[in-house]
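What follows is a set of notes on a single structure, which appears directly below.
First the proteins, then the strands, lettered A, B, ... as listed; each starts at 1.
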Number of protein chains: 2
Amino acid sequence: MSEKISIVVLEDEKNYRDTIKLLLNFSNIFCCLQTYETIKKFYRGFDDIDPDIFWIDLNLPDGSGIDVIRHIKKYRPDALCMVCSFFDSEEMVFKALQNGADGYLLKGESNKKILEALQDLYNGGAPMSSTIAKKVIMSFQSYNAIQENFSLTIREKEILEHLSNGEQYKEIGGKLNVSIETIKKHIKNIYNKLHVNNRTEAVNKYYGLK
Amino acid sequence: MSEKISIVVLEDEKNYRDTIKLLLNFSNIFCCLQTYETIKKFYRGFDDIDPDIFWIDLNLPDGSGIDVIRHIKKYRPDALCMVCSFFDSEEMVFKALQNGADGYLLKGESNKKILEALQDLYNGGAPMSSTIAKKVIMSFQSYNAIQENFSLTIREKEILEHLSNGEQYKEIGGKLNVSIETIKKHIKNIYNKLHVNNRTEAVNKYYGLK
DNA sequence: GAAAGAATACCCCTTTTGGGGTATTCTGTT
DNA sequence: AACAGAATACCCCAAAAGGGGTATTCTTTC
C-alpha cells in the first residue's frame, strides 16, 4: 500500500470522536487527518482539507450533518461521505442518502465492521449497517408492495410497459409487429382487469405509484 | 442453537447448486432442505416445502426468478428471499427488490460472505453485495436530480399533478374552477416546456421516472 | 407607465383514445 | 378430442387529447 486512505471526522461526542481517531490511526491503511466537533469549526477548516473520506455524524449541536454532506458533495464531488449516526428516523436516512451519503453506519458497529466498511466504501461499495440496508430495501418494496398480479398475461404486461413510456398504439403495434387493433384489444382487457379507464390510471395502479 | 435455519435453493447451474448445498450443509447453522433447477420443478414441489429462506437465481432456463419471488411472497409472506445471480442490469436489480427480494448477492461472493449474508438476512438485515448496494444508494441520489425546475409555473405544476393522476381536462377544470380550454392551454405550455407530446411522457419526465 | 409573464378563455382542426361488439387462430391442459 | 385462455384482427362510434391560432385581464418587474 503506497498511501494511506485519509479521513476527516465530524463528530460532536468527544469520546466517540477520539475512539474513531484512534481506531483509524492504529490501522495501517487509514489516517485521520483531522477531527471537528461542530459544523462551524468544520467549515472554518474546510478549504484546507481534502481527504478521501469524510466521516459525518448527522446530529451536530449547531446543525444537521445532511447540510454538511450537501456542502461536501458540491465542493469536493470526488470525496466520499460516510454517515455514522444513531438511528433517528427513516426520513433522516433517506434524506442523507438523497443528499449524497455514500455509506451509512449506525453507531455501535464493531471496530472490525467499521474498518471493513471504510475499505468497502473506498473500493466503490456502499456499506450500510444492516438495519439501514433493511430500511432501504423496504423502501423499494413499498413502491408496489400491495402489487397484486391483477392476473395480467405476459403480453398484457408487455403492452402495459410500452404504455407506461407514453408510446402510441401505432408505435406499440409496430414494435410488436401486430395490428393496432390488437393493441387496442389488449389495452381494453388491461383496463378491465385493473378497473381503470385510461392509460395513466393503469400505469399508476399497476406499478403501485400514487 | 435449537433448530437449523432451513433453506431451499433454486439455481439451474448444477455446479453452483451443489456447491451451495454443500456449503450450507457443512455449516452447523444452515440446512439445505431441497434444491431445484427449474421453475417448473420448483412449483411442483412448492406446496410441500416451507423453509426459512429461499435462495433464488434470477436467470432460470424456463423463466425469471422475479416471478418466483412474487409467488413466494404471495404464498409464504414470512419466508425470506435471497437473490443470488450474475449482474444483469440495474433494472433487473430494482425489479427484484421491488418484487420482494430481501437480499441480493452477486455470484462470486466468498463462502464466508455467503454464510454471513444468510445469517444477516435471517436476523432481519438486508445483505447485498457491494456493487448492488452502490446501485441501490445511487438510485436514491438520482431521485433527487428530479429537482430540475423546467421553469414550470406554480399553476402548471399544479395541473401536472392532476394530469399525473389520470384526471381528464374536464375534471381538472372543474376542480380548479376554470374552463376546460384554459386547462388545455396550460397543458400545451407544459408539453412545450418539457419537450414532450403527451401526458405520460410529461409525467415521466417531470417526476424523473423512466 | 411600459413591458413581460401568467392566467384566463375561446376558435379551428386532426389524431388518438376508449368502449362496445364479433371472429379466427393458436396453444396448452385435461 | 374437447375446451379454455390467449393472441390476433376487424367493425362502429363517441369522447378525449393534442396542436395551431388569437385575445383579454391581471400581476410583477424594471
- With sequence neighbours left out, the residues meeting side-chain contact (heavy atoms from CB on, under 4.5 Å) with S130(B) are D120(A)
- Task: Go through the structure and list residues passing side-chain contact (heavy atoms from CB on, under 4.5 Å) with F26(B), not counting sequence neighbours.
- Result: L22(B)
- Note on the structure: Separation of dA7(D) atom P from L152(A) atom CG, nearest Å, is 10 Å
- Item | nucleotides 9-20 of chain D: protein proximity per nucleotide (B base, S sugar-phosphate only, - neither; heavy atom, under 4.0 Å) | BBBB---SSBBB
- Residue list, salt bridge (charged side-chain N to carboxylate O under 4.0 Å, His left out) with R76(A), at least two apart or on another chain: D50(A)
- Query: Just how far, in rounded Å, is P of dA6(D) from CD1 of I190(A)?
  - Reply: 13 Å
- Item | salt bridge (charged side-chain N to carboxylate O under 4.0 Å, His left out) involving E90(B) - partner list, sequence neighbours excluded | K135(B)
- Message: My understanding is that only residues two or more places apart in sequence, or in another chain, count here; which of them pass side-chain contact (heavy atoms from CB on, under 4.5 Å) with K74(A)?
- Response: none
- Query: Do we see a donor-acceptor contact under 3.5 Å between the side chains of Y207(B) and E161(B)?
  - Reply: yes
Could you list, one pair per line, each protein nitrogen or oxygen that sits under 3.5 Å from a nitrogen or oxygen of nucleotides 27-30 of chain D, together with the distance?
none

- Query: Over how many whole Å does the gap from I183(A) atom CD1 to dA6(D) atom P extend?
  - Reply: 17 Å
- How close or far is atom C1' of dA7(C) from atom CD1 of I172(B), stated in whole angstroms? 16 Å
- Item | Residues in salt bridge (charged side-chain N to carboxylate O under 4.0 Å, His left out) contact with R155(A), at least two apart in sequence or another chain | E158(A)
- Query: For dG5(C), does either OP1 or OP2 sit under 4.0 Å from a side-chain N or O belonging to T153(B)?
  - Reply: no
- Task: Using whole Å, report how far CG of N189(B) lies from P of dG21(D).
- Result: 13 Å
Run the side-chain donor-acceptor check on residues 31-38 of chain B: report pairs under 3.5 Å with partners two or more places apart or on a different chain.
from	atom 1	to	atom 2	distance (Å)
E37(B)	OE2	K41(B)	NZ	3.0
T38(B)	OG1	K41(B)	N	3.1

- Message: According to salt bridge (charged side-chain N to carboxylate O under 4.0 Å, His left out), who are the partners of E116(B), at least two apart in sequence or on a separate chain?
- Response: K112(B)
- Relative orientation of the end axes in the helix from dG1(C)-dC30(D) to dT30(C)-dA1(D), expressed as an angle to the nearest 10° (five pairs per end): 60°
- Pair H71(A) + F42(A): ring centers closer than 6.0 Å: no
Pairs under 3.5 angstrom only: tabulate donor-acceptor contacts from the side chains of residues 58-69 of chain A to other protein residues two or more places apart or in another chain.
from	atom 1	to	atom 2	distance (Å)
N59(A)	ND2	D88(A)	OD2	3.4
D62(A)	OD1	I39(A)	N	3.0
D62(A)	OD2	I39(A)	N	3.2
D62(A)	OD2	K40(A)	N	3.0
S64(A)	OG	I66(A)	N	3.0
D67(A)	OD1	R70(A)	NH2	3.4

- Note on the structure: Whole-Å distance, I154(A) CD1 to dA6(D) P, equals 11 Å
- Query: How many Å lie between CD on E158(A) and P on dA7(D), as a whole number?
  - Reply: 9 Å
